[in-house]
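To keep things clear, I will list the structure first and then write my remarks on it.
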Amino acid sequence: MKMFTPEVLADLNKQETPFYFYDLGLLEQTLNVCSAAANIYGFKVHYALKANFNEPILKAIAAKGFGADCVSGNEVKLALKTGFKNDEVVFAGVGKSDKEIQEALALDIFCFNVESVEELSIINELAAKQQKKARIAIRINPNVDAKTHQHITTGLEENKFGINTWELNDCVKILQEAKHLELVGIHFHVGSQVRDLDVFKSLCLRVNEFNNWFLDRGFDLKVLNVGGGLGVDYYHPDENAITDFDSYFKVFDQFLDRRKGQEVHFELGRALVAASGALLTKVLYIKKGIKKNFMILDAGMTELMRPVLYQAYHQIENLSKPRSSDQADGLKYDVVGPICESTDTFCKEVLLPVSERGDLIAIRTAGAYGEVMASRYNLREPITAVYHQ
Ligand SMILES: *Cc1c(COP(=O)(O)O)cnc(C)c1O
């Protein structure tokens, strides 16, 4: 699949850079493939809004019947505004404020994913004030290693997320007495950009243990929420534009023991939106160092922070210079931004066609955790977005 057809390019060349470009056609295809794969097993997918909360994208995802996974009160409100149904909204996060909990209770969301023992009591108290019963799921820290970058690992005991196994007895005690809590399920999320499907097999085996543990204590759980984290191929944005959802869901079908009527919920962010987005930027200057060539762009870490934050790789393309087949006439560039920080580098030693001031550059697979993390540092212009069908 080719994202930048001559017609698209002609349009993009007219826009002021930097900006995010979203291919809504590719997004729609990705959503269709994911839905079809999940439907085979009756799995329910919630979209994790934090990956990208642009309204046209949320509307497209809501229209396909996905639920919403939110991590702030504002995300909950935006999800409802863009068409997600309140009884398909879940709310996670280690630090939900009282105000956020009260608002979500008033909006009758499906479920709070509770991340600490203390939070259980607080939600019970706040629900009592509204004379409501809050549906909750316990986010359990399964101690499964996601084998991904340490900064995006969440399911180990040393991470701040979730409730550790030795605290589950305390949770049960609270749940047996709390009149305003209804335990609907258990929730897990091991990390992000997980490419090794064996990680999800390990997760399934842990979920089975907890599912039985709760049954033994009289809780017949309605929902097993296994979170998100499915990774994408940052190295082949055109060849592998759509993640292999089939193999992913198959692992859960194979290894998760569901009792009759038990629902399985997923929370996917990156795998749904990453490939559809790219950061478009122009070359400002080419600077020759002693051993290096620097390509200085008009976009930097303020527009796309992932390389600086997680040493993340994004493929970089010069859209103004046709790619030669052997790249023999290319040059290696350290591709950097304009921000006053030495770490403001997208990638080092990138082989590109010989480039010049004014060339249009695409930084690919930037639809997830890209625009949402943009900042105004150095008093940069607010970032804008361009959408194509
Ligand atoms: C971030 C997050 C997700 C989505 O993660 P992806 O790696 O983007 O799929 C799902 N669930 C929770 C609780 C999260 O915090």
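Worth saying up front: this structure is predicted, and the values here are computed from it rather than measured. In what follows, residues are counted from 1 in the order of the sequence shown. Just so you know, ligand 1 is whichever comes first in the structure, and atom 1 is the first atom listed for that ligand.
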Problem - Within residues 365-389 or reaching into it, pairs that qualify as salt bridge (charged side-chain N to carboxylate O under 4.0 Å, His left out) - sequence neighbours excluded - result: E303-R380
Problem - R306 and H314: side chain donor to acceptor below 3.5 Å - result: yes
Practice task
Would you please say whether a donor-acceptor pair under 3.5 Å links the side chains of E341 and Y377?
Solution key: yes
Practice task
State, yes or no, whether a side-chain contact exists between F91 and C111 at a heavy-atom distance under 4.5 Å.
Solution key: no
Problem - salt_bridge(K44, E263) N-O dist < 4.0 Å - result: no
Exercise for the section: Might you list the protein residues in contact with ligand 1, defined as having a heavy atom under 4.0 Å from one of its atoms, sorted by chain and number? Expected result: A48, K50, D69, R139, H187, H189, S192, G228, G229, E267, L268, G269, R270, Y369
Handout entry: Lys NZ or Arg CZ of K96 over F112 ring: under 6.0 Å, within 45°
Key = no
